[in-house]
Student: 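Below you'll find the structure I mean.
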Amino acid sequence: MSHIALVTPLALLAPLALLGTLLIAGLVVLVMRLRRLRVMQAEAARQAAAEAREQFGRDVHDLVSSRLWLASLRSELAYRLADDDSPLRPALADVVQSIRQASADIRNVTRSFRDVSLASELANARAVLHAYGTDCKVEATEAELGDEVSAVLAIMVREAMTNVLRHSRATLCTIEIVVRGGVATLTVANDGVDPSVRPGDGTGLDNLRNRAAALDGTVGTVLDPDGWFRLIAEIPRRGGDRR
């Protein structure tokens, strides 16, 4: 009996040791999971904040930038229509410059060129040109474009409309977007340009060329003897991938 009593506690040591080991291992796993959960929660909070900031930037850009662009075009038109000796011209010139600076500031703050809407820019182009007596015809493919490509094309449409109103007496403007062989081609053409003016100069077109080049694309301009000006941009529909 004494032998049995002596063996029984020893026999219990192994299960107790195993139970203790399992308990410690479980606590370690629990602590690790809690730490991982805290990291995941912190990352989720950071991501939510980043998304909120990005959404704010998109909202500011969509609500403000397009209106500034329209205001810039209208003030420039008023400046162009004012008599050379009109006292309004210096004031209008200051207004144009202020609006341009405000637009640049908005772009720098929001950094949301990627979120420019191609459909919105096409609609704006048609509305603005019609308001100034220029007929505008738009033909755009329904093929899906990459986000970067769509945004760059939207910026090109905006810049092209600015050039149409600044540098021509256009009565007709056509905007065409087609996709063939994996390449999206934007063509903006308008009449009313002085054939003696050399096309392709200016920082605006240089910026468009740089944006296109970043996506393995190209931008070119053609000025016909009859006063028709064409801006032609070709960009892989997925941006940098022509396959």
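Since we're looking at a predicted model, the values are computed, not measured.
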Student: Walk me through whether I235 and D216 qualify under side chain to side chain contact (heavy atoms under 4.5 Å, CB included).
Tutor: CA-CA 7 Å; I235 303 175; D216 293 342; over 6 Å; no

Student: If you take all heavy atoms of D194 and L223, which pair is closest and at what distance?
Tutor: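 Reported closest heavy-atom pair: O-CD2, 3.7 Å.
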
Student: Walk me through it: do V95 and Q97 pass the test side chain to side chain contact (heavy atoms under 4.5 Å, CB included)?
Tutor: CA-CA 5 Å; V95 170; Q97 183 59 36; over 6 Å; no

Student: Identify the heavy atoms of A125 and M161 that sit nearest to each other, and give their distance.
Tutor: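 Heavy-atom minimum between the residues: CB-CG, 3.3 Å.
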
Student: Name all residues meeting the salt bridge (Lys or Arg N to Asp or Glu O under 4.0 Å) criterion together with R230; count only those two or more places apart in sequence or in a different chain, and write none if there are none.
Tutor: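 Partners of R230 under the salt bridge (Lys or Arg N to Asp or Glu O under 4.0 Å) test: D224.
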
Student: Please name all residues satisfying side-chain contact (heavy atoms from CB on, under 4.5 Å) with R74, sequence neighbours left out, ordered by chain then number.
Tutor: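 For R74 the side-chain contact (heavy atoms from CB on, under 4.5 Å) partners, ignoring immediate neighbours, are Y132.
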
Student: So, D226 side chain and W228 main chain: donor-acceptor pair closer than 3.5 Å or not?
Tutor: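 A pair under 3.5 Å: yes.
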
Student: At their closest point, which heavy atom of E144 faces which heavy atom of R237, and how far apart are they?
Tutor: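 For E144 and R237, the tightest heavy-atom pair comes out as O-NH2, 2.6 Å.
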
Student: What closest approach, in Å, do L205 and L231 show between heavy atoms, and which atom pair accounts for it?
Tutor: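 Smallest interatomic distance, heavy atoms only, reads CD2-CD1, 3.5 Å.
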
Student: Looking at L208 and V219, what are the two nearest heavy atoms and their distance?
Tutor: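 Reported closest heavy-atom pair: O-CG2, 3.8 Å.
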
Student: Would L165 and V128 count as a side chain to side chain contact (heavy atoms under 4.5 Å, CB included) if you check the C-alpha gap in whole Å, the side-chain angles of each, and the deciding distance to 0.1 Å?
Tutor: CA-CA 9 Å; L165 295 175; V128 169; 3.5 Å; yes

Student: So F229 and T221, do their side chains get closer than 4.5 Å, heavy atoms only?
Tutor: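 The answer is yes; the side chains approach within 4.5 Å.
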
Student: Within the side chain of S98, is there an N or O that forms a donor-acceptor pair under 3.5 Å with the backbone of D94?
Tutor: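 A pair under 3.5 Å: yes.
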
Student: Following the transitive rule for hydrophobic clusters with a side-chain heavy-atom cut-off under 4.5 Å over Ile, Leu, Val, Met, Phe, Trp and Tyr, establish whether I177 and I232 coincide in one cluster.
Tutor: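 No, it is not one cluster - the side chains of I177 and I232 are not joined through contacts under 4.5 Å.
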
Student: Output every pair passing salt bridge (charged side-chain N to carboxylate O under 4.0 Å, His left out) with a member in residues 124-140, not counting sequence neighbours, ordered by first then second residue.
Tutor: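 Residue pairs passing salt bridge (charged side-chain N to carboxylate O under 4.0 Å, His left out), neighbours aside: none found.
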
Student: Pick out which of V138, N124, V164 makes a side-chain contact (heavy atoms from CB on, under 4.5 Å) with L129.
Tutor: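 Exactly one candidate clears the test, V164.
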
Student: Holding to side chain to side chain donor-acceptor pair (under 3.5 Å), I want the full list of residues that pass it with R89, two or more places apart in sequence or in another chain.
Tutor: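 For R89, the residues satisfying side chain to side chain donor-acceptor pair (under 3.5 Å) (neighbours in sequence not counted) are Y79.
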
Student: Considering only distance and modelled atom types, tabulate donor-acceptor pairs under 3.5 Å from the side chains of residues 185-193, sequence neighbours left out.
Tutor:
{"unit_1": "N190", "atom_1": "ND2", "unit_2": "S168", "atom_2": "OG", "d": "3.4"}
{"unit_1": "D191", "atom_1": "OD1", "unit_2": "T171", "atom_2": "N", "d": "2.8"}
{"unit_1": "D191", "atom_1": "OD1", "unit_2": "L172", "atom_2": "N", "d": "3.1"}
{"unit_1": "D191", "atom_1": "OD2", "unit_2": "T171", "atom_2": "OG1", "d": "2.6"}

Student: Among residues at least two apart in sequence or on other chains, which ones pass side chain to side chain donor-acceptor pair (under 3.5 Å) with S75?
Tutor: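 In terms of side chain to side chain donor-acceptor pair (under 3.5 Å), with neighbours along the sequence ignored, S75 is linked to no residue.
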
Student: Distance check, rounded to the nearest 0.5 Å: E148 atom CD versus L153 atom CG?
Tutor: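 Answer rounded to 0.5 Å: 11.5 Å.
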
Student: Hey, mind stepping through L77 and R166 against side chain to side chain contact (heavy atoms under 4.5 Å, CB included) and telling me if it holds?
Tutor: CA-CA 8 Å; L77 181 63; R166 286 180 183 172; over 6 Å; no

